[in-house]
Amino acid sequence: MQTEVLRFIHPDYEVIVRTQDISYSWKRFKGRINYSRRDNPDIDAPETYCRYTSKDECELRLYSPITRKKTEDEEETKLAAGKVWDKLWPVIFTGDKTKCERTKCECEASVTANQ
């Protein structure tokens with residue numbers, strides 16, 4: 001069964017990202033970041049590692065691997081509308097372990113709507 005990990009609500013469209021359970025990926029990511037922070041305390045904590053941005057004012061909902069709250073739990077996962085959501089956890093993980101340990105990973109998504 002897939003879990004909805006991100007819901008991005010734009011006035012003109014909605015993007016939903018679903019994936020298999022991310023608990024294993026989250027556990028590995030959290031362990032790597034916490035290990036790296038021992039030598040470099042300037043690295044953000046896993047719970048505050050990511051920044052989400054949009055060109056337009058939108059609404060963002062994120063699944064929380066920390067509390068296991070789903071995007072449907074609106075009171076828990078709905079973030080204030082805006083263009084920038086900072087100091088949040090990741091919900092999309094890359095396979096490049098060494099890159100993520102040393103620098104921030106950047107995942108970019110584009111949506112094109114044909115009308």
Side-chain angles (χ1 to χ4, degrees):
M1 185 168 126
Q2 293 195 326
T3 300
E4 183 179 303
V5 293
L6 180 143
R7 184 177 291 241
F8 178 81
I9 303 168
H10 185 276
D12 298 328
Y13 58 87
E14 186 171 292
V15 176
I16 298 171
V17 177
R18 290 184 181 94
T19 188
Q20 297 298 326
D21 181 23
I22 65 169
S23 59
Y24 179 72
S25 297
W26 168 252
K27 183 178 176 181
R28 289 191 56 180
F29 173 80
K30 184 176 167 185
R32 282 196 311 267
I33 297 302
N34 285 335
Y35 180 80
S36 297
R37 291 182 76 210
R38 293 187 318 183
D39 295 329
N40 185 355
D42 293 335
I43 295 174
D44 288 335
E47 299 82 6
T48 61
Y49 196 78
C50 288
R51 180 178 202 218
Y52 296 84
T53 62
S54 170
K55 288 198 282 186
D56 300 319
E57 180 102 1
C58 300
E59 181 183 318
L60 179 67
R61 297 182 195 171
L62 292 177
Y63 169 78
S64 174
I66 304 151
T67 63
R68 296 203 167 110
K69 294 290 182 181
K70 298 181 179 172
T71 55
E72 294 87 18
D73 299 334
E74 193 171 307
E75 325 66 67
E76 300 288 330
T77 62
K78 182 179 177 182
L79 304 168
K83 293 183 180 181
V84 177
W85 301 270
D86 211 5
K87 301 286 184 190
L88 295 169
W89 53 91
V91 294
I92 299 171
F93 299 90
T94 67
D96 187 351
K97 173 176 119 174
T98 55
K99 180 180 173 188
C100 287
E101 286 178 355
R102 293 182 179 84
T103 62
K104 299 262 181 181
C105 290
E106 191 168 308
C107 297
E108 186 172 315
S110 298
V111 176
T112 305
N114 295 330
Q115 298 194 12

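Worth knowing before you read on, the calculation uses all heavy atoms, side chains too, and leaves out hydrogens, waters and symmetry mates.
Between Pro65 and the choices Tyr24, Phe29, Trp89, the side-chain contact (heavy atoms from CB on, under 4.5 Å) rule is met once, by Trp89.
With hydrogens and angles disregarded, no donor-acceptor distance shorter than 3.5 Å links the side chain of Thr3 to the backbone of Val5. With hydrogens and angles ignored, the 3.5 Å screen pairs a side-chain donor or acceptor of Trp85 with a backbone N or O of Ala80.
Scanning both residues, Tyr52 and Val91, for their nearest heavy atoms gives OH-N, 3.5 Å.
You'll find the side chain of Gln2 reaches within 4.5 Å of the side chain of Gln20, heavy atoms only. Side-chain contact between Phe8 and Glu59 is absent, with no heavy atoms from C-beta onward closer than 4.5 Å. Counting heavy atoms from C-beta on, the side chains of Leu79 and Leu88 come closer than 4.5 Å. Between Leu60 and Leu6 there is a side-chain heavy-atom pair separated by less than 4.5 Å.
Counting heavy-atom neighbours within 6.0 Å of Arg68 CZ, excluding the residue itself, gives a total of 12 or less.
The distance from atom CG of Asp42 to atom CZ of Arg37, rounded to the nearest 0.5 Å, is 9.5 Å. Atom-to-atom distance recorded for Asp86:CG and Arg51:CZ is 5.0 Å, nearest 0.5 angstrom. For the atom pair NZ of Lys83 and OG1 of Thr53, the computed distance is 11.0 Å after rounding to the nearest 0.5 Å.
Not counting sequence neighbours, Glu47 has no partner by the salt bridge (Lys or Arg N to Asp or Glu O under 4.0 Å) test.
Both Ile66 and Tyr63 are assigned to one and the same hydrophobic cluster, defined by single-linkage of ILVMFWY side chains at heavy-atom distances under 4.5 Å.
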